[in-house]
Amino acid sequence: MISDIRQAVDFIADWHGIAKGFDNAVDARIPLPLRTVYTAFRNQIGERVRPGTGPFLSTNDHLTPYESLVLEGDTFEFCFENQGIWSCRCPIQVSDGPVISNAPEMWDAAATGYTEVCNSLDHFLTTFVLQETVLASEYLYSCNPDAAAAFVKSESNAVWVDGEYIYREPTHSFYLYSETYLLMKYRGYHLASNQKAPASSLQSALGAKRVCAS
């Protein structure tokens, strides 16, 4: 089971079959959890690992490319929704500070500007990179929620559970099956693989339907 962003970085490097970088030139003002991601993947962000996959760490929501990081006062704007509706920021030179975002304005009439959505950048990034790993995978399926919930309970191993993102509460959980398939519980269930399409028996058990490639 993953416990922090360092382990998540190792997991997604193995998942996509890419080598981690060791970029020591990353700005030291960037908080350590975010610096960990940029150090490992600075050159891959937004690129397709291979044909059939989505843009790396940028398929649904986007990690800001290192060269495009924006300093807003005493925060870095490091993540944004794919249409620019919301973005996320973290304080500079704080090891594992909170994440603030204007995303709550979409559903909370009382929310104004950037407010705290997660008290740990490390936790937020772990949820984010796993979400983008699922959605960028070569084989991606939506699943029947009831069938997937039963399957997760009986057949899979927890990877990251009750992950927090922009909603101020746990919304994401991830599970691994047979070391080959990654399931995400968020707005339903999705099944992902980079190695092979799931067998028809697995698709049937999950009520899985192929999602068009990004």
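These figures come from a predicted structure and were not determined experimentally.
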Legend entry - With sequence neighbours excluded, residues passing salt bridge (charged side-chain N to carboxylate O under 4.0 Å, His left out) with Glu77: Arg89
Inset, instruction - Mind running side-chain contact (heavy atoms from CB on, under 4.5 Å) on Tyr189 and Met184 for me, showing each step along the way? - result: CA-CA 5 Å; Tyr189 284 85; Met184 175 174 71; over 6 Å; no
Legend entry - Distance, nearest 0.5 Å, that separates CD1 of Ile92 from CG of Leu71: 5.5 Å
Legend entry - Minimum-distance pair of heavy atoms, taken over all atoms of Leu130 and Phe11: CD2-CD2, 3.9 Å
Inset, instruction - Could you grab the distance from atom CG of Leu121 to atom OG1 of Thr126, nearest 0.5 Å is fine? - result: 9.0 Å
Legend entry - Side-chain donor-acceptor contact under 3.5 Å, Ser193 with Tyr141: no
Legend entry - Cluster link Ile18 to Ile12, ILVMFWY, side chain under 4.5 Å: yes
Inset, instruction - Decide yes or no for Ser120 and Pro98: does some side-chain heavy atom of the first lie under 4.5 Å from some side-chain heavy atom of the second? - result: no
Legend entry - Sidechain-backbone polar pair: Glu81 side chain, Gln83 backbone, donor-acceptor under 3.5 Å: yes
Legend entry - Note, Tyr181 side chain near Lys196 side chain (heavy atom, < 4.5 Å): yes
Inset, instruction - Decide side-chain contact (heavy atoms from CB on, under 4.5 Å) for Tyr139 and Arg210; before the verdict, give the C-alpha distance in whole Å, the side-chain angles of both, and the deciding distance to 0.1 Å. - result: CA-CA 8 Å; Tyr139 300 99; Arg210 185 82 183 265; 3.7 Å; yes
Legend entry - Pairing residues for Phe151 by the ring pair (Phe, Tyr, Trp, His ring centres under 6.0 Å) criterion, not counting sequence neighbours: Tyr177
Inset, instruction - Determine, step by step, whether Phe78 and Cys90 satisfy the side-chain contact (heavy atoms from CB on, under 4.5 Å) criterion, reporting the C-alpha distance in whole Å, the side-chain angles of both residues, the deciding distance to 0.1 Å, and the verdict. - result: CA-CA 7 Å; Phe78 69 92; Cys90 62; 3.8 Å; yes
Legend entry - Rounded distance (nearest 0.5 Å) linking atom CG of Leu32 with atom CG of Asp96: 8.5 Å
Legend entry - Partner residues of Ala147 under the side chain to side chain contact (heavy atoms under 4.5 Å, CB included) criterion, sequence neighbours left out: Asn144
Inset, instruction - Hey, could you give me each pair passing side chain to side chain donor-acceptor pair (under 3.5 Å) that has a residue in residues 8-20? Not counting sequence neighbours. - result: Asp10-Lys20, Trp15-Ser137, His16-Asn194
Inset, instruction - Starting at CZ of Phe124, measure out to CD1 of Ile5 and round the result to the nearest 0.5 Å. - result: 10.5 Å
Inset, instruction - Hey, could you give me the SG/NE2 distance between Cys143 and His190, rounded to the nearest 0.5 Å? - result: 7.5 Å
Inset, instruction - Determine, using the 4.5 Å side-chain heavy-atom cutoff (strictly less than), whether Leu135 and Phe128 are members of one ILVMFWY cluster. - result: yes
Legend entry - ILVMFWY network linking Trp107 to Val99, side-chain heavy atoms under 4.5 angstrom: yes
Inset, instruction - Check whether any side-chain heavy atom of Val152 sits under 4.5 Å from a side-chain heavy atom of Lys185, and report yes or no. - result: no
Legend entry - Residues Leu57, Val37; criterion side-chain contact (heavy atoms from CB on, under 4.5 Å); working and verdict: CA-CA 10 Å; Leu57 299 183; Val37 178; 3.9 Å; yes
Legend entry - Those residues that, when tested against Thr180, pass side chain to side chain donor-acceptor pair (under 3.5 Å) (two or more places apart): none
Inset, instruction - Of all the heavy-atom pairs spanning Gly46 and Pro55, show the shortest one and how long it is. - result: O-CB, 3.6 Å
Inset, instruction - Of all the heavy-atom pairs spanning Cys79 and Trp86, show the shortest one and how long it is. - result: SG-CZ3, 4.3 Å
Inset, instruction - Without swapping roles, check the side chain of Thr53 against the backbone of Arg50 for a donor-acceptor pair under 3.5 Å. - result: yes
Inset, instruction - Could you tell me whether the side chain of Phe41 reaches within less than 4.5 Å of the side chain of Leu63, counting heavy atoms only? - result: no
Inset, instruction - Could I get the full list of salt bridge (charged side-chain N to carboxylate O under 4.0 Å, His left out) partners for Asp4, not counting sequence neighbours? - result: Arg6
Legend entry - Pairwise distance CG(Leu182) to CG(Leu191) - rounded to 0.5 angstrom: 8.5 Å
Enumerate donor-acceptor pairs with a distance under 3.5 Å from any side-chain N or O in residues 160-170 to protein atoms, sequence neighbours excluded.
residue : atom : partner : partner atom : Å
Trp160  : NE1  : Thr127  : OG1          : 3.0
Tyr165  : OH   : Asp61   : OD2          : 2.7
Tyr167  : OH   : Tyr186  : OH           : 2.7
Tyr167  : OH   : Arg187  : NH2          : 2.8
Arg168  : NH1  : Asp108  : OD2          : 3.2
Arg168  : NH2  : Thr115  : OG1          : 3.0

Inset, instruction - Sequence neighbours left out, what passes side chain to side chain donor-acceptor pair (under 3.5 Å) with His172? Give chain and number order. - result: Gln131
Inset, instruction - For Glu47, check side chain to side chain contact (heavy atoms under 4.5 Å, CB included) against everything at least two apart and list the hits. - result: none
Legend entry - Close side-chain approach of Ile100 to Cys88, heavy-atom, < 4.5 Å: no
Legend entry - Asp27: partners by side chain to side chain donor-acceptor pair (under 3.5 Å), with sequence neighbours left out: Arg29
Legend entry - Heavy-atom closest pair, residues Tyr114 and Ser87: OH-OG, 2.6 Å
Legend entry - Cluster link Ile2 to Leu34, ILVMFWY, side chain under 4.5 Å: yes
Legend entry - Partner set under side chain to side chain donor-acceptor pair (under 3.5 Å) for Ser154, not counting sequence neighbours: none
Inset, instruction - Can you run down the side chain to side chain donor-acceptor pair (under 3.5 Å) pairs that involve residues 62-73, sequence neighbours left out, and say none if there aren't any? - result: Arg42-Glu67
Legend entry - pair Asn157-Tyr175: side-chain heavy atoms closer than 4.5 Å: no
Legend entry - ILVMFWY network linking Ile85 to Val70, side-chain heavy atoms under 4.5 angstrom: no
Inset, instruction - Give a yes or no answer on whether the side chain of Gln7 reaches the backbone of Ser3 with a donor-acceptor pair at less than 3.5 Å. - result: yes
